[in-house]
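Worksheet: one structure, shown below.
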Amino acid sequence: MDMWKLFMTALMPVLKLIIITALGAFLAVDRFNLLRESARKHLNSLVYYVFIPALICSILTKSITFRSLVMMWFMPLNILLTFIAGSALGWLLMKITKASHDLQGLVLGCCAAGNLGNLPLIVIPSVCKQSSSPFGAVDVCYQKAMAYATLSLAVGCIYFWTIVYSIVRAYSCKVSSVSKVDDSTSYPLDLKEITDPENHSKPSNGLVVTVVEKKPTPDVANHTKFMETLKNLVLKLNLHLLLTPAIIAVIVGLMIGAIPQLRKLFVGENAPLRVVQDSTSMLGDACIPAVTLLVGATLLKGLKGSGVKVSLVIGIVAVRFIALPMLGVGIVKGAVHFGIIHHDPLYQFTLLFQYAVPPAVTMSEFSFNRTKISIFSNTFTRIIEMYMYYSFHF
């Protein structure tokens with residue numbers, strides 16, 4: 001009987017997710033066509049720019065404090081291990097199945113990135129609400145579950161846009177560079193003839209062009225050299241691609257939650273800016289249903305045939321649901337044995353849960369948001385450059 005209660009406790013949160021996913025697939029069938037491709041793109045843009053940042057910022061502000069961050073120090077390392085192990089297993093799968101070049105980045109991304117966002121926020125707090133929950137009192141369990149799930153969401157978001165996005169983007173660039181035709185023969189002039197300032201070649205009309213160089217002042221020269229160095233560093237490290245709305249929301253949420261003076265302004269019944277927190281929380285509440293509906297609508301297209309080899313799908317399932325959970329049990333149990341993490345059953349359950357989640361839902365956002373990421377990030381980078389310029393001069 002206890003085993004049956006435990007099974008029902010674990011089943012209920014997942015059943016909620018399955019029902020909403022099935023509804024999303026139902027709304028996307030041709031007969032109703034409410035979630036057609038254009039509707040999915042618009043809803044995905046709302047999720048990316050509004051709902052996910054609002055959810056991250058509102059929950060981090062309420063659930064995370066500086067003390068809780070110190071107590072949960074092992075979770076960022078644990079999530080990093082899931083990404084490293086998933087990437088290694090994905091690379092082995094890619095070599096074994098001989099995946100095509102256009103699918104290699106996707107295979108690595110699906111194996112490396114787990115759904116550490118909306119799925120823990122659905123499952124872990126819901127387990128605490130069940131009457132037969134093995135994690136103690138409902139109120140205490142729910143408060144700790146929200147803190148654990150929120151930090152998992154924040155850290156997973158940072159790792160996703162820094163590690164997985166870079167992997168997928170690198171493989172995408174490799175595929176596009178292979179497919180492009182070499183255009184070097186279409187230019188009759190040498191590049192040096194165009195860019196070299198000391199090359200005073202005559203134009204076609206026979207006139208001699210004299211270039212008068214104006215020597216800059218030392219201050220302007222130093223500023224120009226500094227800005228060029230900064231720009232080269234940003235381009236080399238792809239830092240402008242990391243300034244996504246979700247990561248900015250993580251930074252803001254952690255700052256407000258961890259700094260007591262800022263937290264008192266937004267959190268609490270007597271907080272002067274409580275209305276901002278409540279409004280952000282209302283927007284964030286729409287994130288999980290919207291994302292889950294999008295998953296169902298996207299899965300419907302996959303059921304009709306995706307063109308991906310069955311061996312790849314089976315391999316990704318084996319990596320995410322067999323190999324990584326077995327590895328996670330060894331890592332978490334070893335950490336408990338050596339006293340690295342505290343003996344909190346809910347905390348250990350959260351760490352184990354991070355190894356057993358399906359591929360991240362955000363993998364489906366690359367095709368929609370790659371151009372928008374560049375526009376958003378370039379604008380943000382431009383603002384930083386303007387700030388540094390005026391700081392330098394004034």
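For Gln143, the CD atom is loosely surrounded, since the number of other residues' heavy atoms within 6.0 Å does not exceed 12. Around the CZ atom of Phe349, the shell of radius 6.0 Å holds more than 12 heavy atoms that belong to other residues, nucleotides or ligands. Residue Phe32 qualifies as enclosed at atom CZ: its count of foreign heavy atoms under 6.0 Å is above 12. Annotation: Phe66, atom CZ; neighbour count of heavy atoms from other residues, nucleotides and ligands within 6.0 Å does not exceed 12. Within a 6.0 Å radius of CE in Met12, other residues, nucleotides and ligands contribute more than 12 heavy atoms.
Annotation: side chain of Val140 is not in contact with side chain of Phe135 (no heavy-atom distance under 4.5 Å). Between Leu121 and Thr150, the closest side-chain pair of non-hydrogen atoms falls below 4.5 Å. For the pair Asn78/Tyr355, a side-chain contact is recorded, criterion being any heavy-atom separation below 4.5 Å from C-beta on. Residues Arg320 and Pro358 fail the side-chain proximity criterion, which asks for heavy atoms closer than 4.5 Å. Contact of the Tyr142 side chain with the Ile124 side chain is not registered, since no non-hydrogen atoms from C-beta on lie closer than 4.5 Å. For the pair Gln348/Val336, a side-chain contact is recorded, criterion being any heavy-atom separation below 4.5 Å from C-beta on. Considering only heavy atoms from C-beta on, Gln277 stays 4.5 Å or farther from Leu273 through its side chain. No side-chain heavy atom of Thr350 sits under 4.5 Å from any side-chain heavy atom of Pro120.
No chain of hydrophobic side-chain contacts below 4.5 Å, direct or via other Ile, Leu, Val, Met, Phe, Trp or Tyr residues, connects Leu77 to Val70. Follow the hydrophobic side-chain contacts under 4.5 Å out from Leu103 and you never reach Ile96; the two are in separate clusters. Linking ILVMFWY residues whenever their side-chain heavy atoms come closer than 4.5 Å, directly or via other members, leaves Ile18 and Val29 in distinct clusters. Hydrophobic cluster membership differs between Ile322 and Leu93, with clusters built from Ile, Leu, Val, Met, Phe, Trp and Tyr side chains linked at under 4.5 angstrom.
The heavy-atom pair separating Pro13 from Ile122 by the smallest distance is O-CG2, 4.0 Å. Counting all heavy atoms, side chain and backbone alike, Ala54 lies closest to Gly284 at CB-N, 3.7 Å. Across all their heavy atoms, Tyr49 and Pro53 have their closest contact at O-CG, 3.6 Å. When all heavy atoms of Cys111 and Ile316 are compared, the pair lying nearest together is SG-CG1, 4.1 Å. The two residues Pro289 and Ile20 make their nearest non-hydrogen contact at O-CG2, 4.2 Å. Nearest heavy-atom pair across Leu327 and Ala85 is CD2-CB, 3.4 Å.
Atom CZ of Arg274 is separated from atom OG of Ser279 by 11.0 Å, given to the nearest 0.5 angstrom. Here the SG-CE distance, from Cys141 to Met146, works out to 12.0 Å after rounding to the nearest 0.5 Å. Between the CD1 atom in Ile84 and the CD1 atom in Ile79 there is a gap of 12.5 Å [rounded to 0.5 Å]. Separating the CD1 atom in Ile247 from the OH atom in Tyr159 is a distance of 12.0 Å, to the nearest 0.5 Å. Residue Tyr48 holds its OH atom at 5.0 Å from OG1 of Thr244, rounded to the nearest 0.5 Å. Residue Met72 holds its CE atom at 10.5 Å from CG of Asp344, rounded to the nearest 0.5 Å.
In this structure a side-chain-to-backbone donor-acceptor pair under 3.5 Å is missing from Arg263 to Ala258. Without hydrogens or angle criteria, Arg40 side chain to Leu35 main chain gives a donor-acceptor distance under 3.5 Å. Without hydrogens or angle criteria, Ser68 side chain to Thr65 main chain gives a donor-acceptor distance under 3.5 Å.
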Quiz prompt | Criterion side chain to side chain contact (heavy atoms under 4.5 Å, CB included) on Leu346 and Cys128, from CA distance to verdict | solution = CA-CA 9 Å; Leu346 183 62; Cys128 293; 4.2 Å; yes

Self-check item: Criterion side chain to side chain contact (heavy atoms under 4.5 Å, CB included) on Thr292 and Leu23, from CA distance to verdict
Solution: CA-CA 9 Å; Thr292 311; Leu23 177 61; over 6 Å; no

Quiz prompt | Derivation of the side chain to side chain contact (heavy atoms under 4.5 Å, CB included) call for Leu351 and Gln354 | solution = CA-CA 5 Å; Leu351 296 178; Gln354 291 166 352; 3.9 Å; yes

Quiz item: Passes side chain to side chain contact (heavy atoms under 4.5 Å, CB included), Leu69 versus Leu151? Steps please.
Solution: CA-CA 8 Å; Leu69 283 175; Leu151 186 61; 3.8 Å; yes

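Using a 30° and 60° split on the angle between ring planes, Tyr148 and Tyr347 fall in the tilted class, from 30° to 60°.
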